[in-house]
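Have a look at the structure below, then the notes.
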Amino acid sequence: MAIRVHLPDGNELELEEGASGADMAAAIGPGLARAALAVEADGELRDLTAPVRDGASVAVLTAKSDGALALIRHDAAHVLAAAVMELYPDVKISIGPAIDNGFYYDFEFPEGVSISDADFPAIEERMRAHVKAAEPFVREDLPVTLARERFAAAGQDYKVELIDDLVAKEGVETVSLYTNGPFTDLCRGPHAPSTATVKAFALQSVAGSYWRGDSNRTMLTRIYGTAFFSKDELAAYLERLELARQRDHRRIGRELGLFHFSELAVGSAFWTPHGTTLWNTLRDLMSELTAARGYTEVKTPQLYDAELWRISGHWDKYQGNMFVTSDEERPLGLKPMNCPGHCLLYAMARHSYRDLPVRFAEPGLLHRNEPSGTLHGLLRVRHFVTDDGHIFCTEEQIESEVAGFLEFAAEVYALFGLETRVELSTRPDVRIGDDALWDRAEAVLAAALDATGTAYALNPGDGAFYGPKIDMHMRDSLGRSWQLGTIQLDYNFPERFELTYTGADNAEHRPAMLHRAILGSLERFLGILIEHLGGVLPVWLAPVQAIVLPISDRLNAAGEEAASKLRSAGARVELDHRSESVARKIRDAELRKIPYMLVLGDREEADGTLSLREHGGADRGAIAIDALAAELAELTLTRAR
RNA sequence: GCCGGAGUAGCUCAGCUGGUAGAGCAAUCGCCUUGUAAGCGAUAGGUCAGGGGUUCGAGUCCCCUCUCCGGCUCCA
């Protein structure tokens with residue numbers, strides 16, 4: 001009896017019944033048999049030892065295949081756990097998956113034992129021994145009762161909990177165990193044939209992580225690592241990581257003198273004069289663009305009676321994140337969001353359907369009492385300004401308003417050369433408003449996304465407490481994802497604040513409300529932007545657009561004259577009048593990433609020109625000062641990149 | 001907030017097993033007068049995060065607090 005399988009090249013292959021993936025690879029060729037790691041059958045990865053199903057579409061997974069890295073990283077996680085269990089026999093194991101750039105394994109170490117990267121060499125040495133031994137990964141399928149007994153007997157409580165959950169939630173009757181050398185783990189698989197493939201690995205960091213991501217449960221110790229098929233690839237990856245670290249906005253912010261932090265104002269940036277110029281340029285950009293899009297700018301208070309926060313729901317749902325104070329008789333809250341203030345402002349005047357949509361924009365200063373452990377440079381702060389806006393509109397206008405926003409956001413991100421990842425986040429556990437409202441709100445957002453052809457991922461349960469949202473995310477230099485823009489549909493606030501407009505029927509109606517921001521917080525956006533650009537800001541954003549470099553002290557007066565001509569044309573220009581060599585002045589200007597370096601020597605002075613060197617080294621030769629002024633003005637006006 | 005690590009001059013860091021702090025860059029002053037990525041010299045700069053303890057003696061050992069870093073939870 002023979003079975004037939006379909007190969008990726010369209011051919012069919014005949015195999016004996018019961019043939020394994022390894023048999024299949026061997027039937028195709030000896031080279032493939034040696035390279036084979038696993039088999040993909042009808043889209044599902046399986047061990048090489050597993051029998052091949054008749055009629056399946058199969059592909060042999062090798063080091064070159066997509067998914068092969070994830071496979072050996074998962075193998076590496078088992079090798080890590082094996083090594084850790086040898087060194088710390090009383091350790092409890094939990095889970096150890098492959099992740100984007102590597103793998104981790106979470107352990108509970110015995111009381112009093114803590115792991116740091118100083119322990120990595122010993123662990124890695126044990127890991128190398130397991131790899132060198134080329135221990136086969138052996139799969140075993142066991143009835144859940146037997147598997148449970150086995151892990152219970154070994155004191156592996158986390159594995160027992162996992163098995164109990166598999167039974168309760170998925171009704172499984174058997175589970176699979178994988179053994180490599182002395183180590184056995186509850187694992188779905190698949191794995192490569194042996195540990196030998198995990199040749200190039202490195203442990204990277206140790207961190208805490210809650211069991212099952214629940215902050216009420218045990219804090220486990222997570223060890224992160226990565227693995228590649230070759231030492232060269234591993235070295236190249238580690239080198240890339242190091243280069244990314246050089247782009248860290250906290251480092252660049254210090255080097256370029258843009259902002260500082262102080263332990264006397266935790267989570268709040270101090271912007272230097274240069275940093276403030278950059279920040280203001282960004283704020284002015286958004287004021288200009290929102291005005292062009294039909295928003296009107298408004299200003300609302302910082303500090304409100306607690307009553308406002310009770311109406312909005314913040315007092316119940318968000319107070320932990322608010323800075324609360326009081327006057328002589330009343331509790332007060334510093335605003336963490338602009339929306340309640342905007343609702344009050346909307347309600348202070350009557351609105352006709354003819355006026356809608358009303359679009360309020362406010363570069364609003366917000367304070368949020370973020371947990372200390374989450375603060376991170378400019379990317380997570382307690383004091384920040386959002387390019388916030390709220391749109392009050394009719395039900396019929398929602399879709400076009402959301403579509404208009406998606407367009408607007410795309411325009412802004414394009415100015416900076418950023419590409420974002422879009423997510424639709426739906427109702428969270430902690431929320432206000434009934435489910436019917438949420439159903440409607442989620443459906444409208446999805447419709448607007450579809451109508452504009454925006455690609456997005458679904459992020460269930462991550463909406464704001466008052467409504468679902470569409471978020472735009474960017475990654476920082478270390479690969480962490482941060483939310484920038486957002487648009488959130490909210491039927492709840494209009495109810496709570498009893499907002500109305502007069503319809504064509506002369507009756508009062510409830511408007512819908514959209515909360516939206518494109519940059520998110522200016523602070524976070526600048527952090528991400530600095531990392532994206534590696535600190536090399538385009539002319540229109542650069543705090544110092546050009547610096548005049550006289551080649552000798554005797555030209556300092558001419559330098560001042562040239563600089564002031566450029567300044568009166570609107571350019572942000574400095575003069576380097578130090579008694580230093582041109583080479584030195586160039587070097588310092590390069591390190592400050594100043595776009596235009598303008599060398600002034602005797603020839604230039606005589607001709608009324610400056611010799612232009614752009615950041616990065618391009619030498620454009622002598623250019624008339626008027627022409628330079630015009631060029632800088634043009635680059636600033638057009639926001640050229 | 002939780003787990004782990006770290007905190008020495010403005011910045012980057014050295015300071016072995018305890019014997020009262022050092023370099024480079026930056027800064028200041030002077031000399032040099034410079035043509036596209038570091039000219040030379042001198043000077044100044046530190047309650048070694050803060051507090052408590054052990055010790056004849058603490059940057060170094062112990063405890064507490066603060067902040068920062070990496071994660072986790074949370075979030076723009």
Side-chain angles (χ1 to χ4, degrees), chain A residues 104 106 108-109 114-119 204-224 248 250-251 254-255 257 260-264 266-267 318 320-321 336-337 366 368-382 384-388 428 430 462 464 469 471-474 478 480-486 488 515 517-525 527-528 549-556 578-591 597-604 611-619 621:
Chain A
Y104 67 78
D106 284 349
E108 185 187 358
F109 285 92
S114 63
I115 296 297
S116 78
D117 53 11
D119 301 306
Q204 295 177 289
S205 62
V206 52
S209 82
Y210 295 111
W211 168 235
R212 311 208 116 176
D214 182 342
S215 57
N216 296 313
R217 305 201 60 180
T218 316
M219 176 63 73
L220 303 173
T221 300
R222 174 172 298 180
I223 299 178
Y224 282 98
D248 190 313
R250 292 165 298 186
R251 168 197 292 256
R254 194 165 50 231
E255 286 169 356
H260 302 282
F261 288 94
S262 161
E263 61 184 70
L264 297 181
V266 170
Y318 203 75
N321 280 296
M337 299 180 189
L366 307 180
R368 294 187 189 173
N369 191 358
E370 300 290 349
S372 58
T374 64
L375 300 175
H376 181 87
L378 291 178
L379 302 183
R380 187 76 179 269
V381 289
R382 287 178 172 166
F384 57 101
V385 172
T386 55
D387 64 317
D388 212 355
V430 179
D462 208 31
K469 55 182 186 168
D471 293 327
M472 286 96 171
H473 299 262
M474 273 285 296
L478 299 180
R480 294 171 291 210
S481 184
W482 299 92
Q483 182 182 316
L484 301 178
T486 183
Q488 310 175 353
H515 309 242
I518 293 176
L519 307 181
S521 91
L522 302 209
E523 285 75 9
R524 173 178 291 178
F525 186 83
I528 291 284
L549 312 176
I551 64 164
S552 151
D553 286 352
R554 69 174 183 282
L555 290 160
N556 279 351
R578 296 175 302 167
S579 298
E580 293 287 354
S581 65
V582 180
R584 174 57 181 273
K585 293 180 179 181
I586 293 279
R587 175 183 151 81
D588 289 346
E590 284 285 355
L591 290 175
M597 284 156 272
L598 305 169
V599 176
L600 171 61
D602 297 302
R603 294 194 299 273
E604 288 82 1
S611 189
L612 169 60
R613 171 192 165 112
E614 292 184 9
H615 172 73
D619 185 353

Rounded [atom1] spacing from [N] to [M] in Å:
N	M	atom1	result
B:A58	B:U20	C1'	9 Å
B:A23	B:G15	C1'	11 Å
B:G24	B:A14	P	16 Å
B:C16	B:A49	P	15 Å
B:C64	B:G70	C1'	24 Å
B:G41	B:C32	C1'	11 Å
B:U8	B:C48	P	12 Å
B:C2	B:G57	C1'	39 Å

Looking at [N], which nucleotide sits across from it as a Watson-Crick or G-U wobble partner, both distances under 3.5 angstrom, or is there none?
N	result
B:U54	none
B:G59	none
B:G39	B:C31
B:C48	none
B:A6	B:U67
B:C13	B:G22

Please list, chain by chain and in numerical order, all residues satisfying ring pair (Phe, Tyr, Trp, His ring centres under 6.0 Å) with [X], sequence neighbours excluded.
X	answer
A:Tyr210	none
A:His376	A:Trp482
A:Tyr318	A:His314

Write down the atom of [X], the atom of [Y], and the distance for their closest heavy-atom approach.
X	Y	result
A:Met474	A:Leu484	CG-CD1, 3.3 Å
A:Val599	A:Glu604	O-CG, 3.7 Å
A:Asp553	A:Arg578	OD1-O, 3.9 Å

Between [X] and [Y] (side chain of the first, backbone of the second, donor and acceptor by atom type, cut-off under 3.5 Å), is there such a pair?
X	Y	value
A:Asp119	A:Ser116	yes
A:Arg524	A:Leu379	yes
A:Glu523	A:Val385	yes

### Task
Calculate, to the nearest 0.5 Å, the distance between atoms CG and CG belonging to A:Asn556 and A:Leu600 respectively.
9.0 Å

Indicate for each nucleotide in [range], in 5' to 3' sequence, whether protein heavy atoms under 4.0 Å reach the base (B), only the sugar-phosphate (S), or nothing (-).
range	answer
nucleotides 25-39 of chain B	-S-----BBBBBBBB
nucleotides 6-16 of chain B	-----SS----
nucleotides 71-76 of chain B	BBBBBB

### Query
Starting at the 5' end of RNA chain B and moving along, which residue's nearest nucleotide shows up first, A:Leu220 or A:Gly267?
A:Leu220

### Task
Could you give me the CA-CA distance, side-chain angles and deciding distance for A:Asp106 and A:Arg222, then say whether salt bridge (charged side-chain N to carboxylate O under 4.0 Å, His left out) is met?
CA-CA 4 Å; A:Asp106 284 349; A:Arg222 174 172 298 180; 2.7 Å; yes

### Task
Can you tell me the distance, in whole Å, between the CZ atom of A:Phe261 and the C1' atom of B:A49?
19 Å

#### Entry: Nearest-angstrom distance from the residue atom CD of A:Glu108 to C1' of B:C2
14 Å

### Task
Would you check if A:Glu590 and A:Met597 make a side-chain contact, meaning some heavy-atom pair closer than 4.5 Å?
yes

### Query
With side chains defined as the heavy atoms from C-beta onward, is the minimum distance between A:Leu598 and A:Leu612 less than 4.5 Å?
yes

### Below 4.0 Å: OP1/OP2 of B:C69 and any side-chain N or O of A:Arg250
yes

